[in-house]
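Whatever order the structure lists them in is the order used to number ligands and atoms, beginning at 1. Note that the numbering runs from 1 along the sequence shown for the chain.
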Amino acid sequence: MNDPEIPANEVTPESVFLRRRFFMKASIWAGSTLATAGLYRAFSPRSDVKNTGAAISTIPETMPQIPLGANDKPNTFSEIAGYNNYYEFSTDKYEVAAKARNFVTNHWSLEVGGLVQKPRTFGLEDLLKMDAIERTYRFRCVEGWSMVIPWVGFPLSRLLAMVEPMSQATHVAFETYYDIKQMPESPYAGIDLPYVEGLRLDEAMHPLTLMATGLYGKTLPNQNGAPVRLVVPWKYGFKSIKSVVKITLTDRQPPTTWNLAGPEEYGFYSNVNPTVNHPRWSQARERRIGEGGMRETLMFNGYAEQVAHLYAGMDLRRNF
Ligand code: MTE
């Protein structure tokens, strides 16, 4: 239930937002492996979740307009950076921001190799120098909540083109940084670490697939996957792996963290699909963070026009 004084669908200035306390429904999926919150958990944005990142300069977008509905207002910075899944730091979405606060990400390097002609290690400066664009995407978590996030980043295809994939490469594997000293709660994450993810090469090369280096015009907060994370807007959120240190081109489907943890529940593809339920809950509807009630989940999270052709002829029930 939202604050009755302020309609949920109104754009809320940050200052007003921070003065509000409101309650909203936690998931209908309580009991899932991913779930941590109970029903009707209080959502009180932390006032210490401020956008302290450095400004990132962006260039004009060259892609045609990406469809966002009239009712798809970007979530506030506090919502995006105050409610996170980053199991290496905490399994409590409200705690991740505080627990990731001291995560050291300078001197970062991202190694890109495997079946490529020109393997290369990118430093953080290289990544921040890539011409960045701004893209506001819907983001749908497999647990049933969603947000609208104004990312800053660059298409993954640009990075892959620089290393020249070999013709045998069919898939791309990703790996998150892992250091138990920096992530002391990680032994309680309940998943094998480092966190790994994968895409088919054509999915990785799709122009919607981003490597995000920021949000709201500034560098990424630690809790959102600093300094660089994947964003695949038509897939459930767990595909969008955070704090990537390694990208490997390969000729086979790579293992992925949630598929390893629950192969019956989390498939390799994990495309947002309201017609294919998770074994333990429906995926037909979602709760937009900051909003009361539920809304319909869209096929491919609303990006069907752009990506449906990637799955032509595939049985999406089997390839969930
Ligand atoms: N990446 C890593 N390394 N560890 C994680 O726990 N959680 C995933 C994904 N990427 C996760 C991760 C899940 S389940 C979701 S929904 C999104 O990150 C959440 O991203 P956000 O916190 O920026 O909204």
With heavy-atom distances below 4.0 Å as the criterion, list the atoms of ligand 1 near N224. 21 (P), 23 (O)
Would you mind telling me if ligand 1 is within reach of the side chain of Y87, the backbone, both or neither, using heavy atoms under 4.0 Å? both
Between F300 and Y311, what is the ring plane arrangement, given parallel below 30°, perpendicular above 60°, and tilted in between? parallel
Establish, yes or no, whether a centroid distance under 6.0 Å links the rings of F268 and W258. no
Would you say E286 and R295 make side-chain contact, with heavy atoms under 4.5 Å? yes
Between E88 and ligand 1, which part of the residue brings a heavy atom under 4.0 Å of the ligand: side chain, backbone, both or neither? side chain
At under 4.0 Å between heavy atoms, what of R229 touches ligand 1? The answer is side chain
With nothing but distance in play, are any N or O atoms of Y83 less than 3.5 Å from an N or O of ligand 1? no
How does T176 reach ligand 1, if at all, at less than 4.0 Å between non-hydrogen atoms: by side chain, backbone, both, or neither? side chain
If we set the cut-off at 4.0 Å for heavy atoms, which region of S240 has an atom near ligand 1: side chain, backbone, both, or neither? backbone
Please work out whether any backbone atom (N, CA, C, O) or any side-chain heavy atom from C-beta onward of F139 is under 4.0 Å from ligand 1, and answer side chain, backbone, both or neither. side chain
Geometric class of the Y83/Y94 ring pair [parallel <30°, tilted 30-60°, perpendicular >60°]: perpendicular
Checking side-chain polar atoms at under 3.5 Å, does R140 have a donor or acceptor matched by the opposite partner on T297? yes
So the atoms of ligand 1 within less than 4.0 Å of a heavy atom of C141 turn out to be 16 (S)
Parallel, tilted or perpendicular for F238 and Y236, by the 30°/60° rule? parallel
